[in-house]
Protein chains: 4
Amino acid sequence: MKAARPATAVRKRPRQQRSRATVDAITQAATYILVESGWEGLTTNAIAERAGVNISSLYQFFPGKEAIVAELQLRHAAESRVKLAEALEQLPGQSSLRDALALLVAAIVDEHRIAPAVHRAIAEELPGSVRHAAPDDVVEGQLLAAFSPFMRNVPNPQLACRIARIAVHAVIHETASRTPAMLDHPGFNEELVALLMPFLQRPAVG
Amino acid sequence: MKAARPATAVRKRPRQQRSRATVDAITQAATYILVESGWEGLTTNAIAERAGVNISSLYQFFPGKEAIVAELQLRHAAESRVKLAEALEQLPGQSSLRDALALLVAAIVDEHRIAPAVHRAIAEELPGSVRHAAPDDVVEGQLLAAFSPFMRNVPNPQLACRIARIAVHAVIHETASRTPAMLDHPGFNEELVALLMPFLQRPAVG
Amino acid sequence: MKAARPATAVRKRPRQQRSRATVDAITQAATYILVESGWEGLTTNAIAERAGVNISSLYQFFPGKEAIVAELQLRHAAESRVKLAEALEQLPGQSSLRDALALLVAAIVDEHRIAPAVHRAIAEELPGSVRHAAPDDVVEGQLLAAFSPFMRNVPNPQLACRIARIAVHAVIHETASRTPAMLDHPGFNEELVALLMPFLQRPAVG
Amino acid sequence: MKAARPATAVRKRPRQQRSRATVDAITQAATYILVESGWEGLTTNAIAERAGVNISSLYQFFPGKEAIVAELQLRHAAESRVKLAEALEQLPGQSSLRDALALLVAAIVDEHRIAPAVHRAIAEELPGSVRHAAPDDVVEGQLLAAFSPFMRNVPNPQLACRIARIAVHAVIHETASRTPAMLDHPGFNEELVALLMPFLQRPAVG
DNA sequence: TATGAATGAGCGTTCATTCAT
DNA sequence: CATGAATGAACGCTCATTCAT
């Protein structure tokens with residue numbers, strides 16, 4: 001095991017334009033290598049070479065490769081959150097749960113359609129030690145707020161939200177990773193809606 | 001002459017009792033390290049050291065660490081399959097979908113309760129290059145056969161089975177990994193049943 | 001990912017003066033070890049240690065020890081060829097075969113006198129797998145051109161040239177390797193000339 | 001460098017028939033591997049495996065692989081010597097030098113025709129440290145004795161014999177190694193005779 | 001005595017990271 | 001600053017050899 005890594009923050013925020021270009025080249029190269037060769041092949045030397053920058057330059061902006069993938073995860077999570085937030089904002093206007101769910105599902109599917117390989121690499125190839133757990137609680141809170149009005153006879157709305165989130169995300173993610181073609185299958189989204197609908201609006205018990 | 005290693009087959013089957021112990025020590029050590037330090041820390045030297053065997057002995061039985069984790073995955077998958085098969089065998093006798101689902105969910109939860117850390121390590125820490133995709137299709141076929149009789153108004157039973165399998169497994173796995181205590185929460189299983197029930201038995205459309 | 005090394009090309013050309021020194025130290029150390037301990041003792045670690053450079057530096061410039069000995073052979077062959085070429089250029093001016101042969105023999109002897117141990121090591125210690133066959137055909141062509149005018153009653157000049165080349169080289173090489181003192185023996189060169197002279201200028205048959 | 005090898009003699013002369021079979025299997029396997037993979041691939045484990053004997057058995061008969069190749073060289077040299085001796089015995093009866101040389105050359109060519117690959121492997125692949133210099137002096141003595149009567153105007157018969165031996169052997173060996181087909185070329189032997197004849201029977205000087 | 005198992009020492013190679021220009 | 005060069009600490013793997021049954 002190498003010496004304890006000194007955190008994973010960038011070393012120096014790039015201010016000049018040239019620096020920005022360097023940093024971008026590095027993150028793009030890292031993304032490419034991560035997708036192609038996984039975390040195993042993601043070496044600082046390889047990143048620098050592919051980015052066309054000197055290895056020392058890389059270390060001027062990042063303290064190590066963990067910092068680079070941290071940046072990657074950050075950007076990726078930010079993009080995802082934006083996508084999801086846009087969708088969630090439209091929800092309150094929806095009159096039916098079905099429409100709301102359709103919107104949500106479509107948003108997540110869209111998000112996975114963009115760069116499924118990158119998605120997969122970040123989600124599956126990174127070892128636990130460098131994985132920055134996305135703050136799912138925030139998302140769950142948003143979901144809870146958005147869907148509470150529609151719920152009927154749900155004993156534990158928070159738990160239900162967790163389950164719903166995990167389930168729908170897992171199915172979409174798995175599909176995007178293994179059989180991406182199915183994302184375009186017309187019935188796919190409907191099935192997910194069909195899964196969640198009666199789970200959130202249940203018939204009265206007894 | 002560094003002949004390319006032929007993937008992940010064992011090199012030599014242990015015949016004497018002494019070597020059986022060696023092989024066991026190796027697999028146990030590998031499991032331990034995989035759980036504690038992830039795939040990154042899983043070096044052949046570390047395995048041998050922790051197992052208390054010479055590094056050469058390790059290579060006498062395994063051509064590399066990939067082979068060791070392959071063995072681990074194999075054993076693990078076999079155990080899982082046995083568990084699941086036992087549960088599935090009892091299904092046909094069940095009269096209601098609710099009972100059948102309860103049985104299935106309980107089986108998967110049980111399976112995850114045993115060694116959640118090992119489960120997580122095998123499922124999440126291994127890089128794609130050494131992951132032996134469990135033949136999910138088989139399981140899905142079994143599920144399809146078991147639940148077909150109960151399904152009502154499901155347009156695409158096969159797709160529904162996939163979704164159900166992925167969803168329930170993801171929720172349980174995630175829960176076992178992050179908040180294992182919740183596996184014992186009384187309502188947890190019920191919620192999963194509540195998720196799948198109306199998904200497989202739907203009200204008539206139109 | 002142990003990508004198969006692409007044989008024996010250099011990895012990186014040294015640009016700064018500092019690294020030129022490193023590369024030189026490596027080749028010199030390799031020569032020394034090859035002479036002292038043969039191919040068996042020629043390990044990359046030993047080379048680096050004797051050269052006083054870090055093992056990683058070695059790998060920055062050479063992909064392995066095969067590449068280093070390839071370089072050695074290249075340099076050595078180049079030197080030899082220059083020596084021989086110089087001698088061959090003077091041949092056309094010679095009026096008698098005896099003088100021409102004397103010149104040739106003297107050149108080859110000289111070539112072997114410089115560093116007989118290095119010569120021997122390169123010629124005998126290297127395993128076939130790393131031996132870069134010197135393009136003898138070129139030399140033979142030159143010899144043929146140079147000696148054709150002198151030949152008399154030689155049925156197959158090309159074959160005769162081969163035999164002459166191999167014979168004279170073998171005798172000189174063997175002598176330089178086992179009993180180098182004899183290279184200075186006054187009659188040695190004459191004997192070789194005496195061997196070849198009547199072989200190239202034969203009495204009429206019948 | 002490994003610990004100093006304790007000489008290269010066999011450990012134990014096989015007396016029983018079974019032992020002889022084991023030793024033969026070992027030497028044959030060693031020969032095969034030496035030819036196929038060179039000295040580099042000649043490991044004791046490989047020899048034992050190919051010979052179908054246990055590695056420990058190998059060490060019961062040989063103290064190391066050096067001893068095995070020593071045995072190989074011994075057998076090979078013995079065979080060669082027998083061949084040569086047979087030829088030399090017939091020489092005294094020959095009336096002319098030409099006939100005597102033809103006989104000698106034919107014998108050496110024959111010797112190389114049998115197993116050129118083995119010949120080459122033993123002659124070229126072995127590192128100097130394990131090469132048992134064939135006692136060439138003996139052969140040279142025999143040659144001197146056999147050819148002395150025929151020599152005319154040779155200032156240094158002993159040196160001439162050396163040169164003759166080295167030259168003829170080198171040419172034949174090289175030819176057997178690189179272009180074995182030429183050994184059957186009708187003029188090949190004659191050329192060698194033509195090389196040596198006037199070298200041993202020279203016209204009076206002055 | 002024949003066999004499987006064990007072992008220490010070492011080799012080739014890479015990688016993350018720092019130094020010097 | 002940007003670049004080439006340097007480096008130490010591993011890691012994967014093999015080999016010759018011995019031990020234990």
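Just so it is clear: chains get the letters A, B, ... in the order the sequence lines come, proteins before strands, and each one is counted from 1.
Here the options are B:Val118, B:Leu126, B:Ile68, the test is side-chain contact (heavy atoms from CB on, under 4.5 Å), and the partner is B:Leu34; only B:Leu126 passes.
Heavy atoms of C:Ile47 sit nowhere under 4.0 angstrom from any nucleic acid atom.
The existence of a salt bridge linking B:Glu79 and B:Arg75 is excluded, since no basic side-chain nitrogen approaches an acidic carboxylate oxygen closer than 4.0 Å.
Distances from the side chain of C:Tyr59 to the nucleotides E:dT14, E:dA16, F:dT3 place E:dT14 closest. For B:Thr22, the listed nucleotide lying nearest its side chain is E:dA6; candidates were E:dA6, F:dC11, F:dT18. Distance from the side chain of A:Ser56 is smallest to E:dT18 among F:dC11, E:dT17, E:dT18. You'll find that the side chain of C:Ser19 is closest to F:dA6, out of E:dA5, F:dA6, E:dC11.
When the nearest nucleotides of DNA chain F are assigned to D:Thr43 and A:Gly52 by heavy-atom distance, the more 5′-ward of the two goes with A:Gly52. Two residues, D:Ile55 and B:Asn45, neighbour DNA chain E, and the one matched to the more 5' nucleotide by heavy-atom proximity is D:Ile55. If B:Arg18 and B:Asn54 are placed on DNA chain F by their nearest nucleotide, the residue sitting closer to the 5' end is B:Asn54. Heavy-atom nearest nucleotides on DNA chain E were determined for B:Arg20 and for C:Gln60, and the one closer to the 5' end corresponds to B:Arg20.
In this structure, CD1 of D:Ile33 is placed 10 Å from P of F:dA16, rounded to the nearest angstrom. In this structure, C:Glu49 atom CD and F:dT7 atom C1' are separated by 15 Å, rounded to whole Å. Look at CD on B:Gln17: it is 13 Å from C1' on E:dA5, rounded to the nearest Å. As rounded to whole Å, 16 Å separates atom C1' of E:dT17 from atom CZ of A:Phe62. Nucleotide F:dC15 holds its P atom 11 Å from the CG atom of D:Leu42, rounded to whole Å. Separating the NZ atom of A:Lys65 from the C1' atom of E:dC15 is a distance of 8 Å, rounded to the nearest angstrom. Distance D:Arg50 CZ to F:dC15 C1': 20 Å, rounded to the nearest Å. Rounded to an integer number of Å, the gap from D:Leu58 CG to F:dT18 P is 12 Å.
OP1 or OP2 of F:dT3 sits under 4.0 Å from a side-chain N or O of A:Ser57. One finds a side-chain N or O of D:Thr44 lying less than 4.0 angstrom from the OP1 or OP2 phosphate oxygen of F:dA16.
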>> Pair A:Gln73, A:Ile122 - check side-chain contact (heavy atoms from CB on, under 4.5 Å), show working.
In response: CA-CA 7 Å; A:Gln73 288 175 278; A:Ile122 288 184; 4.0 Å; yes

> Dot-bracket for DNA chain F: what is it, with Watson-Crick or G-U pairs under 3.5 Å, [ ] where a pair crosses earlier ones, and | for a pair to another strand?
Replying inline: .||||||||||||||||||||

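Heavy atoms only, all atoms of each residue included: C:Arg50 and C:Tyr32 are closest at NE-CD2, 3.2 Å. Shortest non-hydrogen contact noted between A:Ile47 and A:Ala29 is O-CB, 3.7 Å.
The shortest side-chain heavy-atom distance between A:Thr44 and A:Phe62 does not fall under the 4.5 Å cut-off. Inter-residue side-chain proximity for D:Glu125 and D:Glu40 is flagged as unmet; no heavy-atom pair is nearer than 4.5 Å.
Within 6.0 Å of atom CD in D:Glu124, more than 12 heavy atoms from other residues, nucleotides or ligands are found, so the atom counts as buried in its surroundings.
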